[in-house]
K.L.:
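Mind looking over this structure? Questions follow.
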Amino acid sequence: MVLVYKDRKDAGRHLLRHLEHMDFRNPLVLGIPRGGVVVAGEVAAGLGAELDVVMAKKVGAPFNPEFAIAAVDVEGNITLLEEEQHFPYLDYIRAEAEALQREIERKLDYYRNGNSPRDILGRDVILVDDGLATGLTALAAIKYLRRHRPNRIILAVPCAPQATLDFLADYVDVEVCPLVPLYFYAVGQCYVEFGQTSDDEVKDILSPFMSQ
């Protein structure tokens, strides 16, 4: 069992070994930018599958921007940390989400170099990130995918806490996660090298897949 990954490409190769024996219907690998696309690139290349991106952004609390209280997808749909009837700051969240939606649209257009997104309908979608913490942005991405009616959603991540996997299990069809630390502090603890991935790197990884 892997204890720590060398880097995101190494994590992608480990994920691939857990996925390559599975039967997929017209598979589509979707990476969550930015680091998740590095992992997803290894998976897509190994499976001979198409690669694209799916994106959601967190809405930080007004009292602490680093504390995510919601997430928004490219269509402007909001996923809340808690049920809406018990949730404060809804006006604030809606205003923030509107600005973040526009940012997501710009980023996706840049990553894809103006190409159209891949079709999701009826396909086995493998959703990949470089790791999960709370899983809130992943949930927003999963809900977006469900609305586009894939055949299955396979959530594939190199590492995550068990509580997050349990939280997301009801929303996906399959979960693949080789490394589930007993004591989870941050995704970076699962990597030797965990530097920032740039927007240009994401675009470069996607480019050969977009031309196929």
K.L.:
Are any of the side-chain heavy atoms of Leu155 and Val176 separated by less than 4.5 Å?
P.N.:
no
K.L.:
Hey, could you give me the CG/CG distance between Asn115 and Asp52, rounded to the nearest 0.5 Å?
P.N.:
9.0 Å
K.L.:
Mind jotting down which residue pairs meet the side-chain hydrogen bond (donor to acceptor under 3.5 Å, both in side chains) criterion with at least one end in residues 169-187? Sequence neighbours excluded, please.
P.N.:
Arg146-Asp173
K.L.:
Where do Arg8 and Gly195 come nearest, in terms of heavy atoms and distance?
P.N.:
NH1-O, 2.6 Å
K.L.:
Would you call Glu66 and Lys58 a salt bridge, taking side-chain N to carboxylate O under 4.0 Å as the test?
P.N.:
yes
K.L.:
In Å, rounded to the nearest 0.5 Å, how long is the span from CD of Glu201 to OH of Tyr111?
P.N.:
10.5 Å
K.L.:
Given side chains that start at C-beta, do those of Tyr5 and Leu179 come closer than 4.5 Å, heavy atoms only?
P.N.:
yes
K.L.:
With sequence neighbours excluded, give me every side-chain hydrogen bond (donor to acceptor under 3.5 Å, both in side chains) pair touching residues 155-165.
P.N.:
Gln162-Asp166
K.L.:
Compute whether any side-chain donor of one residue and acceptor of the other, for Glu42 and His14, lie under 3.5 angstrom apart.
P.N.:
no
K.L.:
Compare all side-chain heavy atoms of Tyr92 with those of Ile69 and state whether any distance is below 4.5 angstrom.
P.N.:
yes
K.L.:
The test is side chain to side chain contact (heavy atoms under 4.5 Å, CB included); show your working for Val180 and Cys177 and say whether it passes.
P.N.:
CA-CA 7 Å; Val180 184; Cys177 183; 3.9 Å; yes
K.L.:
So, taking the atom named CG in Leu47 and the one named CG in Leu28, what distance separates them when rounded to the nearest 0.5 Å?
P.N.:
11.0 Å
K.L.:
Check step by step if side chain to side chain contact (heavy atoms under 4.5 Å, CB included) holds for Ile32 and Thr137.
P.N.:
CA-CA 9 Å; Ile32 297 179; Thr137 53; 5.6 Å; no
K.L.:
To check you understand the geometry: which heavy-atom pair defines the closest contact between Ala140 and Ala71, and what is its length?
P.N.:
CB-CB, 3.8 Å
K.L.:
Go through it in stages, so that I can follow the logic: the residues are Asp91 and Arg94, the test is salt bridge (charged side-chain N to carboxylate O under 4.0 Å, His left out), and I'd like the CA-CA distance, side-chain angles, deciding distance and then a yes or no.
P.N.:
CA-CA 5 Å; Asp91 289 341; Arg94 292 186 183 110; 3.6 Å; yes
K.L.:
Going by the rule salt bridge (charged side-chain N to carboxylate O under 4.0 Å, His left out), which residues pair with Lys203 if we only count those two or more places apart in sequence or in a different chain?
P.N.:
none
K.L.:
Can you find a heavy atom in the side chain of Leu145 that is under 4.5 Å from one in the side chain of Leu30?
P.N.:
yes
K.L.:
How far apart are the C-alpha atoms of Ile154 and Val172, what are their side-chain angles, what is the distance that settles it, and do they pass the side chain to side chain contact (heavy atoms under 4.5 Å, CB included) test?
P.N.:
CA-CA 6 Å; Ile154 298 95; Val172 299; over 6 Å; no
K.L.:
Between Arg112 and Pro117, is there a side-chain heavy-atom distance shorter than 4.5 Å?
P.N.:
yes
K.L.:
Flag the pair Leu19 / Val43 as yes when at least one side-chain heavy-atom distance between them is below 4.5 Å, and no otherwise.
P.N.:
yes
K.L.:
So do Lys107 and Arg102 actually touch side chain to side chain, heavy atoms under 4.5 Å?
P.N.:
no
K.L.:
Have Arg123 and Asn151 got a donor and an acceptor in their side chains that come within less than 3.5 Å?
P.N.:
no
K.L.:
What heavy-atom pair brings Asp124 and Phe24 nearest, and what distance separates the two atoms?
P.N.:
OD2-CA, 3.3 Å
K.L.:
Where do Leu16 and Gly46 come nearest, in terms of heavy atoms and distance?
P.N.:
CD2-CA, 3.6 Å
K.L.:
With rounding to the nearest 0.5 Å, note down the distance linking CG in Asp130 to SG in Cys190.
P.N.:
10.0 Å
K.L.:
Is there a continuous path of hydrophobic side-chain contacts, each under 4.5 Å between heavy atoms, that joins Leu121 to Val125?
P.N.:
no
K.L.:
For Ala138 and Leu127, which heavy atoms make the closest approach, and how far apart are they?
P.N.:
O-CD2, 4.4 Å
K.L.:
With side chains defined as the heavy atoms from C-beta onward, is the minimum distance between Val74 and Glu105 less than 4.5 Å?
P.N.:
yes
K.L.:
For the CG atom of Leu136 and the NZ atom of Lys57, what is their distance to the nearest 0.5 Å?
P.N.:
13.0 Å
K.L.:
In Å, rounded to the nearest 0.5 Å, how long is the span from CD1 of Ile126 to CD of Glu50?
P.N.:
11.5 Å
K.L.:
Kindly determine whether Leu206 and Val53 satisfy side chain to side chain contact (heavy atoms under 4.5 Å, CB included), including the steps that lead there.
P.N.:
CA-CA 8 Å; Leu206 279 175; Val53 284; 3.6 Å; yes
K.L.:
Which pair of heavy atoms, one from Val187 and one from Phe194, lies closest together, and at what distance?
P.N.:
CG1-CZ, 3.6 Å
K.L.:
In terms of side-chain geometry, is the basic nitrogen of Asp199 or Arg34 positioned less than 4.0 Å from the acidic oxygen of its partner?
P.N.:
yes
K.L.:
Please determine whether the number of non-hydrogen atoms from other residues, nucleotides or ligands lying under 6.0 Å from atom CD of Gln189 exceeds 12.
P.N.:
yes
K.L.:
Scan Leu139, Ile120, Asn77, Thr79 and name whichever one has a side chain to side chain contact (heavy atoms under 4.5 Å, CB included) with Tyr144.
P.N.:
Ile120
